[in-house]
Amino acid sequence: MKYDPQAIEAKWQKHWTECGTFRTREDSDKQGYYCLEMFPYPSGNIHMGHVRNYSIGDVVARFKRMQGLNVLHPMGWDAFGLPAENAAIKNNTHPAKWTYANIDAMRAQLQRLGYSYDWEREVATCDPEYYRWEQLFFLRFLEKGLMYRKKAAQNWCPECNTVLANEQVIDGLCWRCDSKVEQKELTQWFARITDYADELLADLDTLQDGWPERVLSMQRNWIGKSIGAEIQFPLEGPDGKALDERITVFTTRQDTVFGASFMSLAPEHPLMERLIAGKEQEAAVRAFAEKTRNMDSTLRGSDAMEKEGVFTGAYCLNPFTGKRIPIWAANFVVADYGTGAVMGVPSHDARDFDFAAKYDLPVVMVIKPEGMDAIPAKMDAVSLEPGVMVNSGEFDGLSNEEGKIRIVEWLEKNGYGKRTVNWRLRDWNISRQRYWGAPIPVIYCDTCGMVPEKEENLPVRLPLDIKTRADGRSPLPDAPEFYECVCPQCGGKGRRETDTMDTFVESSWYFLRYADARNDKEPFAKAPVKKWLPANQYIGGVEHAILHLLYSRFFVKALRDCGFVDLDEPFANLLTQGMVLMDGAKMSKSKGNTVDPTEMIARYGADTVRLFCLFAAPPERDFDWTESGIEGSFRFINRVWRLAEELLGKVPAMRAASSTAADAATATARELRLKEHATIKKASADIAQKFQFNTAIAAVMELVNAMYLAKDELLADEGGQRVLASAFASTLTLLSPVIPHLCEELWQLSGMTSELVDEAWPAYRDDALVRDQVTVVVQVNGKLRGKIDVAADATREAIEKEALAEANVVKHLEGLTVRKVVVIPGKLVNVVAS
RNA sequence: GCGAGAGUGGCGGAAUUGGUAGACGCACCAGACUUAGGAUCUGGCGGCAUAGCCUUGGGGGUUCGAGUCCCCCCUCUCGCACCA
C-alpha cells in the first residue's frame, strides 16, 4: 500500500475536529501548561516562517500533553492594521471583508497542518467583542494617569499617513514601508510606559533563566538606564555675577565636573534664543541651528556627521569654582535626551576631546589614572581610565568612584543639582491616524473638554459601512455618523476622537483573553488567568524582541495596577525561532525566493513539511530551505511507512507492550532493545531540556536504521518479534508530536485501540540500558591507538592490563617507559609514556 | 564605541558538558535488486605525502587528555549608539 499523506491527514484532522481532541478542559485536575505562539497577522497566506513557528509550538504542546499535562494551546488573529486598509483600497473592497476572508483562508491552512489548537478560544482583535475590553482598559488607564494626551513633535510616516512609536522607527525609516520618517507637531495619546521603566528593567532579572540573553539585552538597551547627576550651571550676568537662571546638564561623570571647559547645548534648546538675543553671534547661531534642523535625521545620528559647534557669546559659571565657561551650540547634542545640554569635559570624554581640539578649548586633567606619577601639563589624548581626582579642590585625592558620590552630596547640599537616573525609553504613542483600528473611547466637548466615554457605552464600534479613502487617510474625521455624539458629561454636542489605537495595543493582552476567550461580562475572569498565566512557553520571531514583548510586559504590569490581573510578567519562557531562508536570504516576495507551504503540503503532506522544519536546524537558528532537504524528510517518512508494512504482515505481536529482557534472548535482540531505550532517553532529554527537536529526530532515525538492519534476523522468532514490535511502537510514540498523522495511522493499523495523542510519553528502563560488554578506547599520550572490549563490570586493573596488551598499543609503547595510566571505566584508557 | 550571539567536512548540523571530533540528514561514490531507476536496500564518504600524519577561525596556555576551560587576536550576524 502506498503512503498517501493527503488521505491519512484528512482522516485524522477530521477525527480530531469531530472529537474535540484538543479542546482544553477547565475542569481537569491535571497540572496546566500554557503553550503560546505569537498570533499571525491575517495577510491571507501562511508562509514558511509561520509553519516553523507553529510546528515548534505544536510539538511542545503535544509533548506536554503526552507528559500528562493539561495543555492550553490557542490561536487567534492580530487583525487590525494598515495592510488591510491598503489592500482594501487597492482591491476596492472593505478592510473588514478582506480581513475576515483572510482569517478563514489562514485558519484552513493551519488546520491543514494538523496543529493541536483549541479553536474554541480563537480571537480576532478586530472583533468588537475583543476590542471593547481594550477600550475599557484605556478608560481605566486614563483614570490612573497611565494614558495621557500631549502635543509634541512626533514620528510621521508620510506613506502610511500616520504617526509611529519610537520603537517603530528603524534607522529613521518606517518599520513597515521603509519610508523616511518625518517630524510633525501633533497632539497624541500616550501610554505612560516610562512609569514602569524601573520595573521593566528590574524584572528582566526574573526572566534570566527563561528568556534568551539576546532579547534581555536588547530590552535593557532599549530601556537605557543611566545613573548620574543633574548639575546646574548658573548663567553669567552682564556684571560677571551669577544669574538666577541656570543651565541644567545630565552627566554620568559628575566626578569630572572640575574639568568642564565648555558647555554645549542642542541648537533647539529652549534657552538658546535668550542667550543669543542681541549678541553679535546671533546670526551665526541661528544659521547653525537652521542647518542642523534641516539635516537628514538618519545622517544626524550617524558617525559620518561632522561634530560642529558655534560659540553663542554667552557664558555660564561652574558651580564648584565660579569659573567662566563658554556656552556653545553643538550639533551632536540631542534635544530630547537628558536635558539637551552637556558639560564639555575634554580631558575625559572622547567626543569632547575632539571638539576641544577643533575649537581650541582648554583640556585639564581632573582624574589621574592609577599608576601615573605627575599630572601632565598638556594632555595629548583623552583619558577614560579610573583614577584619583586632581585639580578638583576639596575633592582632590578621592577615587573617582567615591568622588561621584561626594560630588552629588555637594550638589544636593548646595542646591546645584541632584543624583538622577536618565532613561532612553520614551512614552508609547498609541494614536494612529488610520481607520482600521480600535477607536479610542473619548469625546471632545466644547464645554467639558476631553471626556471619557461611559463604560456602559462600550464598545465604541468602528463603523463598517464606511468607505476608505483612496489617499490612505482615515475616513473617520469626515464621517459625522461616527464622530457626532452626545457629551457623556453635559449632554451637549460632542465630537468623538477619530484616531484609532496602535495595533500593538491589541497584541499586548491577547494572551490573557485566551484564558477566558468567550467571557462576555468582563475581559477575563481572574481564576482562569491565575490558572494559565504566565504562559509556560512563548514562541515567536526575534523581530518582536523589543516592540511586542516590551509593550506586553508593560501592559500586564499596568493591568495589574488597575486590578485586572495578579501578574507581574506575561511569559515565563521565551523561544525565539530563527528565520527560514532560501539561498541564504530571508524568504520574501520581492526577492522571489519564497516557498509556498500550501504547495509543499500538496506535494508531500503536512507531516513531511513539519518534519523538515523541525529537523533542519535547532529551533532558534536560521535555516536554509532546500528542495533536497524536504525530499530527505519525505524519504524518512516513507521508510517508516515501509517498515510498518513489513512488520504488520509478519509480526503477530504488534499489539504487545514493551518488550522484556526475556524476549531479547539473542545479541541482536538485546542490542535493538537497548537502542530502543537509549533512544527514548535521548529524545526525551533533547525535547524536554532544550527543545532540540533536530537531535531528537536524528536519534529516532538511528533507531529506525537499526530496526532495518535487525529485522530479518529478529522476525525469525517470537521473542525477536516482540522486541521489534516494542521498538516500533516506541518509534511511533516518539515521533507522534512531530508527524502526528502518520504515527496515528500506523498506530491504528498496528491494531491499537487507543489513540496516540492520549498515550503517555514513553519512559526508558534503566535495566535495558545495561551492557555486559563495553568498548573502551585506548590512547597513548592522548592519541587513539586501539579499542578493547571488556566486561562492563571489569575492574580498573583488569581494564589497564587488557589495554596495555592491545597489539597496536604495544607497538606504540616500544622504547618508551609507561609513566602513568589513566583509566575511565566504560570510556577510555590513556597511557602516558615517554 | 557598547552589548549579545556565532565561527566544526562539499552543505544543514552532532558531540553524554574535559574523554573515540564529524551522530543524523543532504550531496556524492560503489554494489545489490531490476526491462528500467531520479524507486528501494546494503556499504563507502574530513584532508594528505595513508603502518602514519594533519584537522573544530588564528596564536598561546592549563591538563594524562581541549571543539569544550583560561589569555590574546581575527572574521561574521544581530541589537543599541555623537546617550552626555
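Chain A is the first sequence line, chain B the second, and so forth, proteins listed ahead of strands; every chain is numbered from 1.
Ring centroids of A:Phe612 and A:Phe634 are separated by 6.0 Å or more, keeping the two rings apart. Taking the six-membered ring for Trp and the full ring otherwise, A:Phe320 and A:Phe258 have centroids separated by under 6.0 Å. The six-membered or imidazole ring of A:Phe728 lies away from that of A:Trp641, with a centre-to-centre distance of 6.0 Å or more. If you look at A:Phe311 and A:Tyr359, their ring centroids are not closer than 6.0 Å.
When heavy atoms are screened at a 4.0 angstrom cut-off, A:Asp354 is found touching no nucleic acid atom at all. Nucleic acid contact for A:Val342: base, since at least one base atom lies under 4.0 Å from a heavy atom of the residue. Contacts of A:Asp622 with the nucleic acid, taken as non-hydrogen atoms under 4.0 Å apart, involve only primed sugar atoms and P, OP1 or OP2. Using a 4.0 Å heavy-atom distance criterion, A:Tyr708 is classed as a sugar-phosphate-only contact. The residue A:His812 sits close only to the backbone: its heavy atoms come under 4.0 Å of sugar-phosphate atoms, none of a base. Using a 4.0 Å heavy-atom criterion, one finds that A:Arg351 contacts the bases of the nucleic acid, with or without backbone contacts as well.
Taking atom CD1 on A:Ile630 and atom P on B:A27, their separation rounds to 13 Å, with Å as the unit. In this entry the distance linking CZ of A:Arg639 with P of B:A39 reads 14 Å, nearest Å. Rounded to whole Å, atom C1' of B:C78 lies 14 Å from atom CD of A:Glu213. The CG atom of A:Asp352 sits 7 Å away from the C1' atom of B:A84 (whole-angstrom rounding). Rounded to an integer number of Å, the gap from A:Asp624 CG to B:G10 P is 18 Å. Taking atom CH2 of residue A:Trp328 and atom C1' of nucleotide B:A84, one finds them 18 Å apart after rounding to whole Å. One can place CG of A:Leu581 at 12 Å from C1' of B:U77, the figure rounded to the nearest angstrom. The nearest whole Å value for the distance from the CG atom in A:Leu425 to the C1' atom in B:C80 is 14 Å.
Considering only side-chain N and O atoms, A:Arg642 lies under 4.0 angstrom from the phosphate OP1 or OP2 of B:C41. A close approach under 4.0 Å does not occur between any side-chain nitrogen or oxygen of A:Arg424 and OP1 or OP2 of B:G79. Between A:Arg635 and the phosphate of B:C24, there is no side-chain N or O to OP1/OP2 separation shorter than 4.0 Å. Contact between the side-chain N/O atoms of A:Asn705 and the OP1/OP2 oxygens of B:U42 is not found at any separation under 4.0 Å. At least one side-chain nitrogen or oxygen of A:Tyr337 sits closer than 4.0 Å to the OP1 or OP2 atom of B:A84.
No donor-acceptor contact under 3.5 angstrom links the side chains of A:Thr248 and A:Glu230, judged on distance only.
Within the cation-pi definition used here (under 6.0 Å to the ring centroid, within 45° of the axis), A:Arg424 does not qualify as a partner of A:Tyr337.
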Write down the protein N/O and nucleotide N/O pairs, taken from nucleotides 14-21 of chain B, whose separation is under 3.5 Å; answer none if there are no such pairs.
unit_1, atom_1, unit_2, atom_2, d
B:A14, OP1, A:Asn694, ND2, 3.3
B:U20, O2, A:Lys787, NZ, 3.1

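Under the Watson-Crick or G-U wobble criterion, with both distances below 3.5 Å, B:U20 has no partner in any strand shown. Using Watson-Crick or G-U wobble geometry with both donor-acceptor distances under 3.5 Å, B:C83 finds no partner in any strand shown. Figure legend. B:U50 is base-paired to no nucleotide; pairs are counted as Watson-Crick or G-U wobble with both atom distances under 3.5 Å.
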